[in-house]
Trainee: 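Here it is: the structure, laid out below.
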Number of protein chains: 2
Amino acid sequence: MDLQDKLNQKGLRLTKPRQVVMTILERATVPLSPQAIHQHAIENQADIGLVSVYRTLELLTTMGLVRRVHGQDSCEGYVLASPGHHHHLVCRTCDRAVEFTGTDNLIPLLEQLQHETGFTVDEHLLQLYGLCPDCQN
Amino acid sequence: MDLQDKLNQKGLRLTKPRQVVMTILERATVPLSPQAIHQHAIENQADIGLVSVYRTLELLTTMGLVRRVHGQDSCEGYVLASPGHHHHLVCRTCDRAVEFTGTDNLIPLLEQLQHETGFTVDEHLLQLYGLCPDCQN
DNA sequence: TCCTTATTGAAAAAGATTTTCAATAAGGAT
DNA sequence: ATCCTTATTGAAAATCTTTTTCAATAAGGA
């Protein structure tokens, strides 16, 4: 099911800004801020408003197609979400990001914590930072 | 070594805003935004400026005494940090946060990723979300 | 108590995000 | 193909949030 269908199914419409933002995120290799996405759009002769970028990101995020990525201090930007549960490994130098899944390793930690704290744990945010092969020199 | 000494050691001074922010964070049970901290200060008859709250949070963060906590979508606020590397488990309903250490569980995952991606990994951000005992009903 | 200078608070500047609203255009119905 | 309804857009304004600037203040060593 493509974006068109996913939107129509909810009574929403596939519009130029939505197509453009989606395409930019599909091609991106690093997390992009709303401003950066807007910039990319303009450079690609797609004349969409910054406001629509914000609105589209919010929509795509609630639809689970896009995910927000955080840094330790700042909020970095948005990346395309591949299906299922996953996380990002971001290069500190060039901001390139790769996605990974498979956090079975965390399960013992989660169980131990639930036991110790009495909290139930149902979601987690895991992001790794390092250097990509190109930036290691 | 108390805050006074830690600051003086670096040629910095213990001032009213710094004391106040520190005290508020020491008493807090949930992550607080700069605005929230400022509000608390005013309610406690401590007349400090919002600007100083920002400056103090930045200072305390670089000193490792305070840590920034993130939500999935927004950047939530600041909490007191215990020394060393650790993470947070945040209640989705009441925002209460508990700290935990012990991320040995992550090491196999990190090693596997370094191998698969060619990235080196040297930092990570891990936050868990769930429900605290009180909010489970 | 004095002196140096780190720090403060208020205002202004700079940025980021949200709201408002008339004009536009998606896409189901005809 | 064409209409019609209404979701969506873009621009401007409003609203926050965060950072800078700078003269006045006050920490804390001498």
Side-chain angles (χ1 to χ4, degrees), chain A residues 1-24 31-63 65-66 68-78, chain B residues 1-24 31-63 65-66 68-78:
Chain A
M1 189 164 70
D2 61 4
L3 185 56
Q4 172 92 255
D5 296 329
K6 283 180 188 156
L7 287 166
N8 290 352
Q9 209 175 34
K10 296 179 181 166
L12 305 175
R13 297 165 182 181
L14 180 56
T15 61
K16 187 170 152 200
R18 289 174 184 168
Q19 288 183 76
V20 169
V21 169
M22 200 63 186
T23 304
I24 288 170
L32 297 176
S33 66
Q35 285 73 9
I37 292 171
H38 187 223
Q39 202 50 47
H40 277 247
I42 288 170
E43 284 162 11
N44 284 61
Q45 343 295 346
D47 195 11
I48 65 175
L50 177 57
V51 193
S52 292
V53 175
Y54 275 100
R55 286 189 282 226
T56 300
L57 287 173
E58 188 188 350
L59 176 66
L60 295 176
T61 301
T62 62
M63 290 175 70
L65 300 175
V66 158
R68 191 165 184 171
V69 178
H70 299 270
Q72 281 101 326
D73 354 274
S74 54
C75 294
E76 311 237 300
Y78 295 80
Chain B
M1 190 166 67
D2 61 4
L3 185 55
Q4 171 92 255
D5 296 331
K6 284 180 188 155
L7 287 166
N8 291 351
Q9 209 175 35
K10 296 179 181 167
L12 303 175
R13 296 168 183 177
L14 180 57
T15 60
K16 186 170 151 200
R18 289 175 184 167
Q19 288 184 75
V20 169
V21 170
M22 201 62 185
T23 304
I24 289 171
L32 296 176
S33 66
Q35 285 73 8
I37 292 171
H38 186 222
Q39 201 51 47
H40 277 246
I42 288 171
E43 284 163 9
N44 284 61
Q45 343 296 346
D47 195 12
I48 64 174
L50 177 57
V51 193
S52 292
V53 175
Y54 274 100
R55 286 188 283 226
T56 300
L57 287 173
E58 187 188 351
L59 176 66
L60 295 177
T61 301
T62 62
M63 289 174 72
L65 300 176
V66 157
R68 192 164 184 172
V69 177
H70 299 271
Q72 280 107 323
D73 352 274
S74 55
C75 295
E76 310 237 298
Y78 295 81

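Lettering of chains follows the sequences in order, A, B, ..., and the numbering in each one begins at 1. All values reported here derive from a predicted model rather than from experimental measurement. Computed over heavy atoms, backbone and side chain alike; hydrogens, waters and symmetry mates excluded.
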Trainee: For L59(A) and dT18(C), what is the distance between atoms CG and P respectively, to the nearest whole Å?
Mentor: 14 Å
Trainee: Write down the distance between NZ (K10(A)) and C1' (dT8(D)), rounded to a whole number of angstrom.
Mentor: 17 Å
Trainee: Determine all donor-acceptor pairs shorter than 3.5 Å in which one atom belongs to a side chain in residues 5-17 of chain A; sequence neighbours excluded.
Mentor:
unit_1, atom_1, unit_2, atom_2, d
N8(A), ND2, Q4(A), OE1, 3.2

Trainee: Could you walk me through whether M22(A) and L60(A) satisfy the side chain to side chain contact (heavy atoms under 4.5 Å, CB included) test, starting with their C-alpha distance in whole Å, then the side-chain angles of each, then the deciding distance to 0.1 Å, before giving a yes or no?
Mentor: CA-CA 8 Å; M22(A) 200 63 186; L60(A) 295 176; 3.8 Å; yes
Trainee: For I24(A) and A41(A), work out which heavy atoms get closest and say how close.
Mentor: CD1-N, 3.5 Å
Trainee: What verdict does the side chain to side chain contact (heavy atoms under 4.5 Å, CB included) test give for I48(B) and V21(B), after you've listed the backbone C-alpha separation in whole Å, the side-chain angles of each residue and the deciding distance to 0.1 Å?
Mentor: CA-CA 9 Å; I48(B) 64 174; V21(B) 170; 4.2 Å; yes
Trainee: From CG of L3(A) over to P of dG27(C), roughly how many Å is that when rounded to an integer?
Mentor: 10 Å
Trainee: Starting at atom CD of Q9(B), determine the distance to atom P of dA6(C), rounded to an integer number of angstrom.
Mentor: 17 Å
Trainee: Check the distance between dG15(C)'s P and Y54(B)'s OH and give it to me in whole angstrom.
Mentor: 16 Å
Trainee: Rounded at 0.5 Å granularity, tell me how far OG1 in T62(B) sits from CG in L57(B).
Mentor: 11.0 Å
Trainee: OP1 or OP2 of dT8(D) sitting under 4.0 Å from any side-chain N/O of R18(A)?
Mentor: yes
Trainee: Among residues 44-53 of chain B, which contact DNA chain D at a heavy-atom distance under 4.0 Å?
Mentor: V51(B)
Trainee: What base-paired stems does DNA chain D take part in, with at least 3 consecutive Watson-Crick or G-U wobble pairs and both distances under 3.5 Å?
Mentor: C:1-30 with D:1-30
Trainee: How long is the span from the OG1 atom in T56(B) to the NE2 atom in H38(B), to the nearest 0.5 Å?
Mentor: 11.0 Å
Trainee: Taking atom P of dT8(D) as reference, at what distance in whole Å does atom CD of E58(A) sit?
Mentor: 12 Å
Trainee: Could you pull out the protein-nucleic contacts involving nucleotides 23-30 of chain D (nitrogen or oxygen on both sides, under 3.5 Å)?
Mentor:
unit_1, atom_1, unit_2, atom_2, d
dA27(D), N3, R13(B), NH1, 3.0
dA27(D), N3, R13(B), NH2, 3.4
dG28(D), OP1, Q4(B), OE1, 2.9
dG28(D), OP1, N8(B), OD1, 3.2
dG28(D), OP1, L14(B), N, 2.8

Trainee: Considering residues at least two apart in sequence or located in another chain, which fulfil the side chain to side chain contact (heavy atoms under 4.5 Å, CB included) criterion with Q35(A)?
Mentor: S33(A), Y54(A)
Trainee: Take atom CG of L7(A) and atom C1' of dT6(D), then tell me their distance rounded to the nearest Å.
Mentor: 16 Å
Trainee: How many Å lie between CZ on R55(A) and C1' on dA16(C), as a whole number?
Mentor: 15 Å
Trainee: What's the separation between atom CD1 in I37(B) and atom CD1 in I42(B), rounded to the nearest 0.5 Å?
Mentor: 12.5 Å
Trainee: Show every side chain to side chain donor-acceptor pair (under 3.5 Å) that has at least one partner inside residues 41-53 of chain B, sequence neighbours left out.
Mentor: none
Trainee: Rounded to the nearest 0.5 Å, what's the gap from CG on L3(B) to CD on Q19(B)? Could you check?
Mentor: 8.0 Å
Trainee: On a heavy-atom basis, which atom in V20(B) and which in A46(B) lie closest, and how many Å separate them?
Mentor: CG2-CB, 3.8 Å
